[in-house]
Undergrad: 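Sending over a structure as structure tokens; questions will come in a sec.
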Number of protein chains: 2
Amino acid sequence: MNTFTEENYLKAIYHLSTQSESVSTNQIAASLHTKAASVTDMLKKLADKELINYARYQGVTLSVKGEKVALSIVRKHRLWEYFLVEKLNFKWDEVHEVAEELEHISSYELVDRLDEFMGHPKFDPHGDPIPDKNGHFKAHELKPVSALLVNTVGIISGVREHSPAFLQHLEKIKLVIGKKIKVCDINSYDHSITLLLEDELLYISRDVANNLLITI
Amino acid sequence: MNTFTEENYLKAIYHLSTQSESVSTNQIAASLHTKAASVTDMLKKLADKELINYARYQGVTLSVKGEKVALSIVRKHRLWEYFLVEKLNFKWDEVHEVAEELEHISSYELVDRLDEFMGHPKFDPHGDPIPDKNGHFKAHELKPVSALLVNTVGIISGVREHSPAFLQHLEKIKLVIGKKIKVCDINSYDHSITLLLEDELLYISRDVANNLLITI
DNA sequence: TAAAAAATTTAGATTAGTCTAAAAATGAAA
DNA sequence: TTTCATTTTTAGACTAATCTAAATTTTTTA
């Protein structure tokens with residue numbers, strides 16, 4: 001099996017890979033709050049284990065084997081988040097750190113039974129898709145609210161930013177997963193947006209609109 | 001906080017302390033499947049952190065602080081075992097290893113909510129008491145079946161041996177927690193015992209009788 | 001109570017993961 | 001296309017946890 005640390009590297013590479021094809025040493029270092037030199041050391045080890053494709057100075061991609069491991073970590077993370085919110089009544093902004101630990105519990109039996117216990121949920125509390133035991137998942141077709149035109153509607157279905165501060169803010173203004181919104185006005189000066197949310201008008205900044213995702 | 005390894009040492013010392021007042025280096029080494037030299041190194045570290053009382057060559061006891069940590073690990077371990085059996089339908093012989101990992105998840109919020117979710121259970125699936133969040137628990141007054149006299153009765157309430165093999169054996173002969181038994185005969189040659197269990201006669205070896213605990 | 005046996009500790013290495021500082025490779029700009 | 005800045009890697013060191021082998025202390029026993 002892989003160590004806790006190796007799993008965290010694979011997960012980081014997986015998430016960074018959704019942004020750009022190949023992932024750089026510095027990107028990984030930033031995302032794991034570590035130093036480039038440490039990343040290089042680990043990349044050598046992961047390459048030896050054939051979990052990544054790595055050539056010096058050229059960045060990395062996950063191998064098929066590495067992606068499988070990464071997806072199993074992501075699956076565990078998101079299932080635990082769902083459990084924490086749905087069964088233990090945690091708030092959606094409180095679950096990330098605990099899930100960061102729980103995702104490394106090795107038993108596949110455990111995660112599969114947990115999945116069953118909860119009725120095979122398809123999305124975690126932040127709207128991110130939960131891979132099944134084979135690593136397959138279907139993502140929503142998501143757009144940031146900022147990409148909507150005036151008078152169009154959407155359903156809040158995810159976030160691009162996962163910080164507790166952002167999540168708490170959304171919670172406070174009742175912009176949570178599942179709610180239906182309509183764009184009423186876009187301010188041409190600062191790109192802030194006026195939304196209609198359950199018969200109430202709501203003003204959000206461009207920043208919030210960029211990080212809040214909807215399905216149509 | 002303490003490392004995973006430190007927690008395992010504290011837990012081992014805690015369990016060994018229930019047998020003998022002071023715990024020896026070799027006892028710890030045996031229980032953790034490690035070497036005496038490694039134990040000595042760790043004991044120095046734990047003593048520096050004031051988690052144990054340690055004098056060279058004299059064995060160790062837990063400090064008040066160390067016992068608190070140990071009890072919190074035991075609490076987590078037993079609550080998770082309860083969860084696995086009661087909510088996820090694991091068998092009582094399948095939960096130990098998974099709980100060995102889960103007990104190191106650091107969040108106290110998590111374990112307290114889990115406790116509440118399950119209705120504050122007082123005993124784990126093997127009959128061992130679950131400490132509350134302050135480390136308090138009331139143990140059953142337990143006796144091994146081998147200590148009973150002929151024609152006395154008892155209720156299966158715990159095990160002294162936790163190996164899957166032993167637990168599976170008990171399950172197979174239906175000697176599980178909560179069942180009422182009566183001692184019908186004690187063989188004077190090999191000390192094997194004939195029990196009455198739900199109108200059926202059952203023969204158990206001295207070894208089984210020693211490791212199966214009852215309340216009266 | 002002295003010698004032998006057992007238990008424990010120390011000394012010195014090893015591995016995983018990390019770091020800083022210096023060297024090397026890459027890529028951008030003049 | 002040479003120079004400069006940036007990125008990445010290497011070199012060497014550190015910490016936590018472990019090990020083997022040797023030394024020391026305690027306990028047993030004769």
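Protein chains get the first letters and strands the later ones, always in sequence-line order, with residue 1 at the start of each. Note that the structure is predicted; figures quoted are calculated from it, not measured. Hydrogens, waters and symmetry mates are skipped; everything else that's a heavy atom, side chains included, is used.
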Undergrad: Could you run down the sub-3.5 Å N/O contacts of the protein with nucleotides 10-13 of chain D?
TA:
unit_1 : atom_1 : unit_2  : atom_2 : d
D:dT10 : OP1    : A:Arg56 : NE     : 3.1
D:dT10 : OP2    : A:Lys44 : NZ     : 2.8

Undergrad: Write down the distance between CG (B:Asn26) and P (C:dA5), rounded to a whole number of angstrom.
TA: 18 Å
Undergrad: Does the pair A:Glu116/A:Lys133 count as a salt bridge with the N-to-O cut at 4.0 Å?
TA: no
Undergrad: Among residues 8-24 of chain B, which contact DNA chain D at a heavy-atom distance under 4.0 Å?
TA: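 Output list: B:Tyr9.
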Undergrad: For D:dT20, does either OP1 or OP2 sit under 4.0 Å from a side-chain N or O belonging to B:Lys35?
TA: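 Result: yes.
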Undergrad: Using a strict cut-off of less than 4.0 Å between a Lys/Arg side-chain nitrogen and an Asp/Glu carboxylate oxygen, indicate whether A:Asp112 and A:Arg75 qualify as a salt bridge.
TA: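 Yes, A:Asp112 and A:Arg75 are salt-bridged.
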Undergrad: Taking NE2 from A:His33 and P from C:dC19, how many angstroms apart are they, rounded to a whole number?
TA: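 Atom NE2 in A:His33 sits about 12 Å away from atom P in C:dC19.
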Undergrad: May I ask you to check whether A:Glu101 and B:Ser106 show a side-chain donor-acceptor distance below 3.5 Å?
TA: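 There is such a pair (donor and acceptor under 3.5 Å, judged by atom type) between the side chains of A:Glu101 and B:Ser106.
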Undergrad: Classify B:Gln58 by what it touches in the nucleic acid, base, sugar-phosphate, or nothing, heavy-atom distance under 4.0 Å.
TA: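 Result for B:Gln58 = sugar-phosphate.
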Undergrad: Using whole Å, what does the distance between atom P of nucleotide C:dC19 and atom CG of A:Leu32 come to?
TA: 10 Å
Undergrad: For a quick check under 3.5 Å, do B:Asp190 and B:Ser192 share a side-chain donor-acceptor pair by atom type?
TA: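 The answer is yes; a qualifying pair exists.
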Undergrad: Looking at the side chain of B:Tyr57, which of C:dT26, D:dT26, C:dT18 is the nearest nucleotide?
TA: D:dT26
Undergrad: Which nucleotide, D:dT8, D:dT18, D:dA16, lies nearest any side-chain atom of B:Thr3?
TA: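 So the nucleotide nearest the side chain must be D:dA16.
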Undergrad: Please name all residues satisfying side chain to side chain donor-acceptor pair (under 3.5 Å) with A:His104, sequence neighbours left out, ordered by chain then number.
TA: A:Glu7, A:Asn8
Undergrad: Does D:dC19 have OP1 or OP2 sitting under 4.0 Å from an N or O in the side chain of B:Thr34?
TA: yes
Undergrad: Going by heavy atoms in the side chains, are A:His162 and A:His96 under 4.5 Å from each other?
TA: no
Undergrad: Within this structure, what is the CG-to-P distance between B:Asn2 and D:dA16, rounded to whole angstrom?
TA: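 Spelled out: CG on B:Asn2 to P on D:dA16 is 13 Å.
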Undergrad: Return yes when atom CD of B:Glu97 has more than 12 non-hydrogen atoms of other residues, nucleotides or ligands closer than 6.0 Å, and no otherwise.
TA: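 No, because the 6.0 Å sphere around CD of B:Glu97 holds 12 heavy atoms or fewer from other groups.
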Undergrad: In whole angstroms, how far is the C1' atom of D:dA16 from the NZ atom of B:Lys49?
TA: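 Atom NZ in B:Lys49 sits about 11 Å away from atom C1' in D:dA16.
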Undergrad: Has B:Lys76 got its NZ or CZ under 6.0 Å from the middle of the six-membered ring of B:Tyr108, at an angle within 45 degrees of the ring axis?
TA: yes
Undergrad: If I take atom CD in residue A:Glu6 and atom P in nucleotide C:dT15, what distance separates them, rounded to the nearest angstrom?
TA: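 A:Glu6 atom CD is separated from C:dT15 atom P by 15 Å.
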Undergrad: For B:Phe4 together with A:Phe4, are the ring centres under 6.0 Å from each other?
TA: no
Undergrad: Using whole Å, what does the distance between atom C1' of nucleotide D:dA16 and atom CG of B:Leu46 come to?
TA: 12 Å
Undergrad: Measure the distance from CG on A:Leu43 to P on D:dT9 and round it to the nearest whole Å.
TA: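 So the two atoms are 7 Å apart, to the nearest Å.
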